[in-house]
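For reference, the structure discussed in these notes is given below.
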Amino acid sequence: MAIEYTLLDVFADAPFQGTQIPVVNLAGYTLDEAARKAIASEFQQTETVFIEPGASVPASVYNSRGRQHFGAHTILAASFMAFELGLTKSEGSFASFLLQQDSGLIESFIDDNSGTPGNIQFARELSPTVDRYTPDVTRLAAALNTEEKHITFSKYKPLVVSVDTSELFLFAPGSITGGTEFHGRLLNPTLAQGVFPPIGNVMPEFIAYLAEQGETAAGTHTFSVDRGSLESRKSVLHAEFDKKPGKEVRCRIGGNVIKMGEGKLFFPEQ
């Protein structure tokens, strides 16, 4: 059987930038877990989104290890394709789409540019766990084999924050590519040199971190963060959050998606 798929560049301001996410259209097909893992492994991308029009849960995410939670990149990819496949709800100048996450729902909003999906944004409430016993800068610098001046600034202090995941995220105020307030990257001991993994999945942690800072006043704050460079698939993520005393942090995360290709995957009949 021939299964249609689309390749998307997510959080991309231009073609061949951002993070590539394959989206597989399962209209008319039913695939088990093993088949979805095999397809995700074939693409060899960070994650693969599957869309099942007509299903009670029409969108899911897999990699070679199995089903995964939705993150920022896959939410945008699923929402883009849901719009193109007519699975979204028209709200006038934009459309909305609901994604199932465990027992909860994630709502996304897609700008409707005369029938073409535009900027995509989703909203969340964050309930972060903040570790007050973060190692001091001297210990962190020693662990990272770098000088203290490279990992600390007077305004931003190291902090361990958990919402969805546990990753080591380094950021710097300002941007090496211009146009954003922050530049960030993930660190992982298994990463090869020159590899820049997607940072969308740690945005809830980064937003919670910024909201936790004493200098961050109550109110609504807007910022953008980039990853990589023009030579290493630059991503640009836009976010805003509401900080209110005694209440959970509400945030919106969004960006652009560019369709880069379409094709068919030949898969054995099940």
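Within the model, atoms NE2 of H73 and OG of S235 stand 5.0 Å from one another, a figure rounded to the nearest 0.5 Å. From M81, atom CE reaches atom CD1 of I21 across 13.5 Å, with rounding to the nearest 0.5 Å. Here the CD1-CZ distance, from I199 to F169, works out to 4.5 Å after rounding to the nearest 0.5 Å. Put simply, CG on D111 and CG on N256 are 9.5 Å apart, with the number rounded to the nearest 0.5 Å. Summarising the geometry, atom CG belonging to N63 is positioned 12.5 Å from atom CD belonging to Q44; distances are rounded to the nearest 0.5 Å. Taking CZ from R185 and CG from L168, the interatomic distance works out to 10.5 Å, rounded to the nearest 0.5 Å.
Annotation: side chain of L99 is in contact with side chain of S108 (closest heavy-atom distance under 4.5 Å). Using a 4.5 Å cut-off on side-chain heavy atoms (C-beta onward), D112 and S93 make no contact. Looking at heavy atoms from C-beta onward, T6 lies out of side-chain contact with N25 at the 4.5 angstrom threshold. Side chains of V161 and T129 form no contact here, defined as non-hydrogen atoms less than 4.5 Å apart. Considering only heavy atoms from C-beta on, T220 comes within 4.5 Å of R252 through its side chain. For the pair D164/R124, a side-chain contact is recorded, criterion being any heavy-atom separation below 4.5 Å from C-beta on. Using a 4.5 Å heavy-atom threshold, the side chains of S162 and D131 count as separate. Contact annotation: the side chain of Q20 never approaches that of F43 to less than 4.5 Å [non-hydrogen atoms, C-beta and beyond].
Taking all atoms of both residues into account, the shortest heavy-atom contact from G255 to N119 is O-OD1, 3.1 Å. Minimum interatomic distance between S96 and E91 (heavy atoms only, all atoms of both residues): OG-OE2, 2.8 Å. The two residues F70 and A78 have their closest heavy-atom pair at CE2-CB, 4.1 Å. For the residue pair F267 and A35, the shortest heavy atom distance occurs at CZ-CB, 3.5 Å. Looking at every heavy atom in both residues, P53 comes nearest to L26 through CD-C, 4.4 Å. When every heavy atom of S60 is checked against every heavy atom of R36, the shortest pair comes out as OG-NH1, 3.2 Å.
Residue pairs meeting the ring-ring contact (aromatic ring centres under 6.0 Å, His included) criterion with at least one member in residues 208-238, sequence neighbours excluded: F171-Y209, F182-F223, F206-F223, H221-F241.
The main-chain N or O of K37 is never found under 3.5 Å from a side-chain atom of S41 such that the two would form a donor-acceptor pair. Using a distance-only test at 3.5 Å, with no hydrogens or angles considered, no donor-acceptor pair links the side chain of T180 to the main chain of S175. Y156 places no side-chain N or O within 3.5 Å of a backbone atom of Q213 that could act as its donor or acceptor partner. Side-chain atoms of Q17 come within 3.5 Å of backbone N or O of K234 as a donor-acceptor pair. Listed for the E47 side chain is no donor-acceptor partner under 3.5 Å among the backbone atoms of Q45. In this structure a side-chain-to-backbone donor-acceptor pair under 3.5 Å is present from Q100 to D102.
Under the 4.5 Å side-chain contact rule for hydrophobic residues, V202 and F196 do not share a cluster. Put simply, L85 and I258 are part of two different groups of oily side chains (I, L, V, M, F, W, Y) that touch within less than 4.5 Å, one to the next. No path of Ile, Leu, Val, Met, Phe, Trp and Tyr side chains, each step under 4.5 Å between heavy atoms, connects L230 with F16, placing them in separate hydrophobic clusters. In terms of hydrophobic clustering, with Ile, Leu, Val, Met, Phe, Trp and Tyr side chains grouped at heavy-atom distances under 4.5 Å, L98 and V49 are assigned to different clusters. When the side chains of ILVMFWY residues are joined at heavy-atom separations under 4.5 Å, either directly or via intervening members, I106 and V61 end up in a single hydrophobic cluster.
The existence of a salt bridge linking D9 and R233 is confirmed by a sub-4.0 Å separation between a basic side-chain nitrogen and an acidic carboxylate oxygen. Between K264 and E4, no side-chain nitrogen of the basic residue sits less than 4.0 Å from a carboxylate oxygen of the acidic one, so the salt-bridge criterion is not met.
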One pair to check against side-chain contact (heavy atoms from CB on, under 4.5 Å): R227 and T19. What are the steps and the verdict?
CA-CA 10 Å; R227 175 222 62 168; T19 298; 3.5 Å; yes
Working for side-chain contact (heavy atoms from CB on, under 4.5 Å), residues I253 and I75
CA-CA 10 Å; I253 302 171; I75 290 173; over 6 Å; no
Quick one: do I3 and I39 satisfy side-chain contact (heavy atoms from CB on, under 4.5 Å)? Show the steps, please.
CA-CA 10 Å; I3 302 175; I39 290 174; 4.3 Å; yes
Check the pair I51, E84 against side-chain contact (heavy atoms from CB on, under 4.5 Å), reporting the backbone distance first and the verdict last.
CA-CA 11 Å; I51 299 289; E84 289 221 328; over 6 Å; no
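Side-chain heavy-atom separations under 4.5 angstrom define the hydrophobic clusters, and the remaining members of the one that includes F109 are F94.
Between Y62 and F50, the ring centre distance stays below 6.0 Å.
Residues passing the salt bridge (Lys or Arg N to Asp or Glu O under 4.0 Å) test with E205: none are found, sequence neighbours excluded.
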